[in-house]
**Student:** 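If you scroll down you'll find the structure; I have some questions about it.
As a basis for the values below, the full set of heavy atoms in this structure was taken, side chains included, without hydrogen atoms, waters or symmetry mates. Numbered from 1 within each chain, the chains take letters A, B, ... in sequence-line order.
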Amino acid sequence: MVSLRDFLSDDFLYPMPVTMHDHYDFKSIEQDAQQDWDHGALFNATEDGAKEKFYCLAMFPYPSGKLHMGHVRNYTIADVIARYQRMLGKNVMQPMGWDAFGLPAENAALANNVAPAAWTLSNIDYMRGQLKALGFGYDWSRELTTCLPDYYRWEQWLFTRLVKKGLAYKKTAVVNWDPIDQTVLANEQVIDGRGWRSGALVERREIPQWSLRITDYAEQLLNDLDTLDGWPEQVRAMQANWIGRSVGVELHFAIEREIEGAEALTVYTTRPDTLMGVSYVAVASQHPLAKQAAESNTELAAFIEECRHTKVAEADMATLEKKGLPLGIDAIHPITGEKVPVWTANFVLMEYGTGAVMAVPAHDQRDFEFALKYKLPIRPVIAPLSWKAHLNCPIQAIEHIQLMWTDGIPKLLNMESGSVLNWDTWNDVFAEKGVCVHSGTYVSHPILRQQISRAFDGLDFFRAFDEITAHLEAHGKGHKKINYRLRDWGVSRQRYWGCPIPVINCPTCGAVPVPEDQLPVVLPTDVEMNGPQSPIKSMREFIDTTCPVCGGKAERETDTFDTFFESSWYYARYTSPGNDSAMLDERANYWLPVDQYVGGVEHAVLHLLYARFFHKLLRDEGLVAGDEPFKRLLTQGMVVADTYYREDAIGKKTWYNPADVTPELDDKARIIGAKLIEDGLPVMVGGTEKMSKSKNNGVDPQAMIDRYGADTVRLFMMFAAPPDQMLEWSDSGVEGAHRFLKRLWRMVFEHVARANEFAPTHDANPVGANLFAQHDLEPAQKAARRKLHETIQKVSDDLGRRQTFNTAIAAVMELLNELGKLDDSPASYTIRHEAYLAVTRLLAPIVPHIAEALWRALGQQGMVATAPWPLVDESALVRDSIDLVVQVNGKLRGQFSVAADASREVIEQAALADEKVQQFIEGKAVKKIIVVPGRLINIVVA
RNA sequence: GCCCGGAUGGCGAAAUCGGUAUACGCAAGAGACUUAAAAUCUCUCGAUCGAAAGAUCAUGCGGGUUCAAGUCCCGCUCCGGGCACCA
């Protein structure tokens, strides 16, 4: 049996110094704790093979000016995890840095006339101070800033390696072009199809750009998702969908008449079983065939021009009204030899697959709608699988399933079962995989008809897939192909504030990567932004250079990398700080993979996929050993707040900060309106939205820290919602968190103040004497100790496995409520002491400053940040009796207490004997009794 | 449009493996302390009916499975995130 002594520190027996102030002075408490951590260099990590390592990482911030609540939430979650793991005895490394390249610096430069570099660096200084004030335990010696050459030189180096391996290549890609500002726009800079500054109608423009062959890694990126069992299922699903592996057929439609550069149209389909139902082929408006046809067709040319003004975002494409025009060209069906018209349609993307699709209106909703709109034929060739039960062989398929037409609308009739499918409106059944019918009978070519008539009838999807594919292959018209929705990653940006792409364009040698000894290509920072154009695009001293291959005159690439480039490998660089001769060194393999990664769900696909891709690139470069960068992932929800606004006569909204508004409540405390404090007049209540500048509903973390302290802010953030859900800001919730800390402080203060009364000396300890025998405790004291150790168990599980910090805090609150009810006896005093020592450590990861002060006040040496996590005393968890509830027909009717080891028979008898239960089963036959051990008994009566 | 989430008291939420729905906190109300206020402490607090005991109804909506459903299945509604140049 474990003795209670094992769970009490030796210091417990010493008299405790009463040096505690009765007032919770968070300012000095937080300053002192932060100073102590600094002096002890507590969070600076070194590689130590003897200890289990734990690499905890929160997504680094973009230095936009000051921290917002989303950051505070993100970093608090990560810090809680890091501090918890440290107390478990692990060698914890938690770094911080700055994702310092990006568009906002350019916008700020234009608005305030400051250089992006200066703006960014001063933001970093301010935000670093804020992070320190929040008490996050970072190893600042590893701090990195992506806009500095000592960081980005290594991604330039990696890129040149990728160019040599053929993993980086140049191709044309579509961008949003602002014809007035003469610049490329980001999707967010395009508002209602117009440039945000110029108001010009934005065009789609194709320009040559660098791409990375992420599609070469598609299979690995997909397969390795299965190994990421520490990731949320939801994120893995999103990535799998994004990669979008499909098995299909690539096939060719010949073009009826010779057209230069396009002798055949290649399309990809996952539904070759519907091939016999193709009634037209659609190509992108930028497809060479469409461009050709437009030369002699002004209507077509106008349509193509119109398509140039759609935004490049997929969401905009998807909600677009489907439009198209015939090219006046026919394609030859690869099996039947029939002519089908070629159309151009605005929903077909040139950069997606082959830029052409085959259309089967009978079995694809989008094709169906398009066919109805433009009166194109609809040919049903698939009957529902359920119809197959009636069909015994291919010949019968034809005989029993009849195709009829009314005003050009087809109908399938199953003569055996009487079922009918009518193509007058769309039905999702049409798109389901079924049985091929009429797949060959309409063929017009007399010889072909004989050969293939009825060839595919009666086949189900899989057999039809195989036979049609085999037929195409045999005739050289197509082949099976695995396709990915994932496209190669275009990394060129025509912007200034980014990492220069290390390439020299030579008129004779082409695009040449900058040689290793000439890296880094440093981005000039002494620039003036006097327009939206990147200043380096006209900076001759940057551009003019010589070709490293031929030595002739050449020009530097002025495009910069997508900022996802920097964030794709920063997690690895943290492991090798200060190395100026290599991107990474052997320290990377000590720390990697990241054990815990924490960041917003909004990064679930792009950033996390790119980082996984980069990790595989680094692996193939021999720089890291593992396959995946992030072992466990926590995606945290957004921070939202109420919004308030007023609308003026022309409908323009002015948003008011929640701090400047008083909500009005009805007698049930529901919000019915709000008034602006300044003028006392009403404002509109706009609902709860993500904290943002545009809605002016942001709450400044700094103001909260000043008013309540970092611990209160941290506690509120962790308590108000589980980490993966959205968090609603609430001023009174923050006050509640502060109140809890004050209460905790006071409870410990009162406890410490009585130290001399109860625990005077080591030797003559009257308390210790009756403590070591657990069974000497009163039932209430036993219950309190059980609660304490149940709480230790729960908090450990909540912080470790479950990562539900809100329930961990609630459990501690419950415990403190129980302790408050305990009597004043010496034994109770000791239990309280044991409890406060535990509670201080349980809360230390969440509210580390106050925990340090309490730890000291409770007479402990050293810092709680490195104290060992409390252990569970299993013997304290043992119960003599348990409470069970009784249900009759599933409804709660009574409850009683039995010995913990009571047999099933005893429990059943006790349940049946219960007075209230008797009332409900009286005169009825008991059919069944269900006993759920430790929980309930359900008596089922007739 | 496509993919992924979410919805439980007046509010934020809990219920971890299908087993006592509403823990913990906020707000509100009553009381104590105080010259007073703040702070603090104590109590009440899902709805309906009832004097009470208690009963019935409640986890976005409509069905289903089960002895038992907030939890599982089918079909909806509304809200949020991502959609490749915001990070």
**Student:** Round to a whole Å and report the spacing from NZ of A:K742 to P of B:A38.
**Tutor:** 13 Å
**Student:** Can you confirm whether A:R485 is buried at CZ, in the sense that more than 12 heavy atoms of other residues, nucleotides or ligands lie under 6.0 Å from that atom?
**Tutor:** yes
**Student:** Between N or O atoms, less than 3.5 Å apart, protein on one side and nucleotides 17-24 of chain B on the other: list the pairs.
**Tutor:**
{"from": "B:G19", "atom 1": "N2", "to": "A:N938", "atom 2": "ND2", "distance (Å)": "3.3"}
{"from": "B:A23", "atom 1": "O2'", "to": "A:E814", "atom 2": "OE2", "distance (Å)": "3.1"}

**Student:** Taking the six-membered ring for Trp, are the ring centroids of A:F561 and A:F101 within less than 6.0 Å of each other?
**Tutor:** no
**Student:** Taking the same atom, P, in B:A53 and in B:A36, what whole-Å distance lies between them?
**Tutor:** 36 Å
**Student:** Which of the following nucleotides, B:A87, B:A84, B:C41, is nearest to the side chain of A:Y62?
**Tutor:** B:A87
**Student:** Let me know the distance between NE2 of A:H738 and P of B:A38, rounded to the nearest Å.
**Tutor:** 17 Å
**Student:** Tell me what A:Q209 touches on the nucleic acid: a base, only sugar-phosphate, or nothing, going by heavy atoms under 4.0 Å.
**Tutor:** base
**Student:** Identify whether any heavy atom of A:K794 sits under 4.0 Å from a base atom; if not, whether one sits that close to sugar-phosphate; answer base, sugar-phosphate or nothing.
**Tutor:** base
**Student:** To the nearest angstrom, how far is A:L744 atom CG from B:G25 atom P?
**Tutor:** 13 Å
**Student:** Give the rounded distance in Å between these two atoms: NZ of A:K690 and P of B:G80.
**Tutor:** 13 Å
**Student:** I'd like the P distance from B:C33 over to B:U71, given in whole Å.
**Tutor:** 49 Å
**Student:** If you measure from the C1' atom in B:G19 to the same atom in B:C26, how many Å do you get, rounded?
**Tutor:** 30 Å
**Student:** Using a 3.5 Å limit on both distances, find every run of at least three consecutive Watson-Crick or G-U pairs that involves RNA chain B.
**Tutor:** B:1-7 with B:77-83, B:10-12 with B:24-26, B:28-32 with B:40-44, B:46-49 with B:54-57, B:60-64 with B:72-76
**Student:** Relative to the 5' end of RNA chain B, which residue comes earlier, A:A186 or A:T804, by the nucleotide with the nearest heavy atom?
**Tutor:** A:T804
**Student:** Strictly under 6.0 Å, is that where the ring centroids of A:F347 and A:F370 end up?
**Tutor:** yes
**Student:** Around A:K927, counting heavy atoms of other residues, nucleotides and ligands shown, do more than 12 lie under 6.0 Å from its NZ?
**Tutor:** no
**Student:** List for me each residue that meets side chain to side chain donor-acceptor pair (under 3.5 Å) alongside A:D22, sequence neighbours excluded, and say none if there are none.
**Tutor:** none
**Student:** Taking atom CZ as the centre, does A:R802 end up with more than 12 heavy-atom neighbours from other residues, nucleotides or ligands that are less than 6.0 angstrom away?
**Tutor:** yes
**Student:** To the nearest Å, give me how far apart CG (A:N889) and C1' (B:U66) are.
**Tutor:** 13 Å
**Student:** Restricting to side chain to side chain donor-acceptor pair (under 3.5 Å), what partner residues turn up for A:E106, sequence neighbours left out?
**Tutor:** none
**Student:** Can you list everything that forms a side chain to side chain donor-acceptor pair (under 3.5 Å) with A:D883? Sequence neighbours excluded, please.
**Tutor:** A:S897
**Student:** Remember a base hit wins even if backbone is also touched, and classify A:K891 as base, sugar-phosphate or nothing at under 4.0 Å, heavy atoms.
**Tutor:** sugar-phosphate
**Student:** With rounding to the closest Å, how many angstrom separate the P atoms on B:G64 and B:G70?
**Tutor:** 15 Å
**Student:** Assess the pair A:H738 and A:F26: is the distance between their ring centroids shorter than 6.0 Å?
**Tutor:** yes
**Student:** Please classify the nucleic acid contact of A:P722 as base, sugar-phosphate, or nothing, using heavy-atom distances under 4.0 Å.
**Tutor:** sugar-phosphate
**Student:** Round to the nearest Å and state the distance from A:R487 atom CZ to B:C83 atom P.
**Tutor:** 12 Å
**Student:** Take atom CH2 of A:W729 and atom C1' of B:A13, then tell me their distance rounded to the nearest Å.
**Tutor:** 17 Å
**Student:** Between A:Y570 and A:W98, does the ring centroid distance fall short of 6.0 Å?
**Tutor:** no
**Student:** A:Q494 near the nucleic acid: base, sugar-phosphate alone, or nothing, with a heavy-atom cut-off under 4.0 Å?
**Tutor:** base
**Student:** Say you pick atom P in B:A14 and the same atom in B:A7; how far apart are they, in whole Å?
**Tutor:** 9 Å
**Student:** Please determine if a side-chain N or O atom of A:T563 lies less than 4.0 Å away from the OP1 or OP2 oxygen of B:A87.
**Tutor:** yes
**Student:** Classify A:I939 by what it touches in the nucleic acid, base, sugar-phosphate, or nothing, heavy-atom distance under 4.0 Å.
**Tutor:** nothing
**Student:** Checking one value: the base orientation of B:G9, syn if chi is within 90 degrees of 0, otherwise anti.
**Tutor:** syn
**Student:** Identify each atom pair where a protein N or O and an N or O of nucleotides 1-8 of chain B are less than 3.5 Å apart, giving names and distance.
**Tutor:**
{"from": "B:C3", "atom 1": "O3'", "to": "A:N241", "atom 2": "ND2", "distance (Å)": "2.8"}
{"from": "B:C3", "atom 1": "O2'", "to": "A:N241", "atom 2": "ND2", "distance (Å)": "2.7"}

**Student:** Check the phosphate of B:C26 against A:R739, side-chain N and O only, distance under 4.0 Å to OP1 or OP2. Yes or no?
**Tutor:** yes
**Student:** Is the backbone of A:P61 close enough, under 3.5 Å, to the side chain of A:D99 for a donor and an acceptor to pair up by distance?
**Tutor:** no
**Student:** Compute the centroid of each ring, for A:W489 and then for A:F564, and state whether the two points are separated by less than 6.0 Å.
**Tutor:** no
**Student:** Let's see if you can work this out: which of B:G54, B:A15, B:C86 has an atom nearest to the side-chain heavy atoms of A:R802?
**Tutor:** B:A15
**Student:** With rounding to whole Å, what would you report as the distance between B:A68 and B:C57 at their P atoms?
**Tutor:** 14 Å
**Student:** So A:R893, base contact, sugar-phosphate only, or nothing? Heavy-atom distance under 4.0 Å.
**Tutor:** sugar-phosphate
**Student:** Give a yes or no on whether the backbone of A:K537 and the side-chain of A:Y496 come within a donor-acceptor separation of less than 3.5 Å.
**Tutor:** no
**Student:** Considering every strand and a 4.0 Å limit on heavy-atom distances, what is the contact class for A:F920: base, sugar-phosphate, or nothing?
**Tutor:** sugar-phosphate
**Student:** Contact class for A:H603 vs. all strands (heavy atom < 4.0 Å): base, sugar-phosphate, or nothing?
**Tutor:** base
**Student:** Select base, sugar-phosphate, or nothing to describe what A:V184 touches, counting heavy atoms under 4.0 Å on all strands.
**Tutor:** base
**Student:** Checking all strands, does A:F740 fall into the base, sugar-phosphate, or nothing category for heavy-atom contacts under 4.0 angstrom?
**Tutor:** nothing
**Student:** What distance, rounded to whole Å, do you find between the two P atoms, one in B:U8 and one in B:C43?
**Tutor:** 29 Å
**Student:** Starting at the 5' end of RNA chain B, which residue's closest nucleotide do you reach first, A:A721 or A:G102?
**Tutor:** A:A721
**Student:** Any side-chain N or O of A:R746 less than 4.0 Å from the OP1 or OP2 oxygen of B:C41?
**Tutor:** yes
**Student:** Between B:G18 and B:C72, how far is it from one P atom to the other, in whole Å?
**Tutor:** 7 Å
**Student:** At 4.0 Å (heavy atoms only), tell me whether A:S492 reaches a base, stays on the sugar-phosphate, or touches nothing.
**Tutor:** base
**Student:** Does A:Q239 reach the main-chain N or O of A:A604 with its side chain, forming a donor-acceptor pair under 3.5 Å?
**Tutor:** yes
**Student:** How long is the line joining CD of A:E728 and P of B:A27, in whole Å?
**Tutor:** 15 Å
**Student:** Run the salt-bridge test on A:E321 and A:K373 with the 4.0 Å N-O cut-off and return the result as yes or no.
**Tutor:** yes
**Student:** Syn or anti for B:C17, given that syn means the glycosidic angle lies within 90° of 0?
**Tutor:** syn
**Student:** If we ignore hydrogens and angles and just use 3.5 Å, is the side chain of A:T635 paired with the main-chain N or O of A:G600 as donor and acceptor?
**Tutor:** no
**Student:** If you look at every strand shown and take non-hydrogen atoms under 4.0 Å, does A:M59 touch a base, only sugar-phosphate, or nothing?
**Tutor:** nothing
